[in-house]
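The structure under discussion appears below in the form of structure tokens.
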Amino acid sequence: MRYGFIQGQQKTYPVTVLCKVMAVSTSAYYDWAKQPEDADKIAEKQKLRERAQTLFDASKRSYGSRRLSDGLKKAGFPVGRYKARRVMAELSLKPRYPKRFKATTDSNHNDAIAPNLLDRKYFCQYRIAFIDLKAPQ
């Protein structure tokens, strides 16, 4: 418990000061910090990564950290936005963003406009042929 507190506060205070306040030697703290992680934590991280990968793939690579964290919360993983972002960086998951709308119609031209033979009168004197291009002939 003491070591966890020191580890959480080491960004704001020096480790030596924290160790003196908590009555712990600095060498004992650094020995604790070097120990490998618990096997349960490693298995939980692996499950989180696998679930994040499946959610990301299921969304057709469109989920960012916010939507991925929401999906992981619904799946039962207590994950915030920044942890989801860190997991995405570890797995090299980069979302694809939708392309911008591009107008392709150019109405400002001097080309000839085709005549409107039908003029919304679908029963017309002209014979109109419709061909189904997908049907085998």
Side-chain angles (χ1 to χ4, degrees):
M1 186 69 177
R2 292 179 181 184
Y3 298 131
F5 176 77
I6 293 171
Q7 189 176 32
Q9 296 295 318
Q10 73 179 3
K11 290 189 178 184
T12 53
Y13 300 103
V15 173
T16 54
V17 172
L18 289 169
C19 288
K20 282 183 184 178
V21 170
M22 298 301 286
V24 176
S25 68
T26 55
S27 61
Y29 167 72
Y30 285 119
D31 284 342
W32 173 84
K34 276 196 246 179
Q35 289 180 355
E37 289 191 48
D38 191 16
D40 293 336
K41 281 187 177 181
I42 293 171
E44 189 68 26
K45 279 185 180 180
Q46 185 62 30
K47 286 181 188 176
L48 174 68
R49 287 182 179 141
E50 289 172 2
R51 186 65 180 156
Q53 183 73 48
T54 56
L55 279 172
F56 188 75
D57 291 339
S59 72
K60 298 179 184 173
R61 298 176 19 192
S62 66
Y63 274 11
S65 61
R66 290 182 177 130
R67 286 165 64 181
L68 188 66
S69 68
D70 289 342
L72 289 171
K73 284 177 189 174
K74 289 177 184 173
F77 293 97
V79 175
R81 176 177 154 211
Y82 294 107
K83 187 167 186 175
R85 189 170 74 178
R86 187 170 50 242
V87 168
M88 287 179 72
E90 289 171 1
L91 297 174
S92 300
L93 304 178
K94 295 181 181 173
R96 296 183 309 164
Y97 296 103
K99 290 186 178 181
R100 285 189 160 172
F101 174 76
K102 182 178 180 182
T104 57
T105 304
D106 179 21
S107 299
N108 299 324
H109 57 78
N110 294 325
D111 298 336
I113 299 173
N116 186 2
L117 299 177
L118 291 179
D119 196 31
R120 291 190 178 225
K121 297 174 188 167
Y122 297 108
F123 298 104
C124 181
Q125 65 184 3
Y126 302 104
R127 179 164 167 80
I128 303 165
F130 292 100
I131 301 171
D132 188 5
L133 297 175
K134 292 184 180 180
Q137 295 184 17

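These numbers come from the heavy atoms of this one structure, side chains and all, not from hydrogens, waters or symmetry mates.
Residues P95 and G64 share a closest heavy-atom pair of CG-CA, 4.3 Å. Residues S25 and C19 share a closest heavy-atom pair of O-SG, 4.2 Å.
Here the CZ atom belonging to R81 is positioned 5.0 Å from the OG atom belonging to S65, to the nearest 0.5 angstrom.
The salt bridge (Lys or Arg N to Asp or Glu O under 4.0 Å) pairs that include a residue from residues 46-64 are R49-E90, where partners are two or more places apart or lie in different chains. Within the structure, every pair that satisfies the side chain to side chain donor-acceptor pair (under 3.5 Å) test and touches residues 2-23, not counting sequence neighbours, is listed here: Q9-T12, Q10-Y29.
The environment of CG in D111 is crowded: more than 12 heavy-atom neighbours from other residues, nucleotides or ligands sit within 6.0 Å.
Membership of the apolar cluster around V87 extends to L48, L55, F56, Y63, L68, L72, F77, V79, M88, L91, L93, as traced through chained side-chain contacts below 4.5 Å between ILVMFWY residues.
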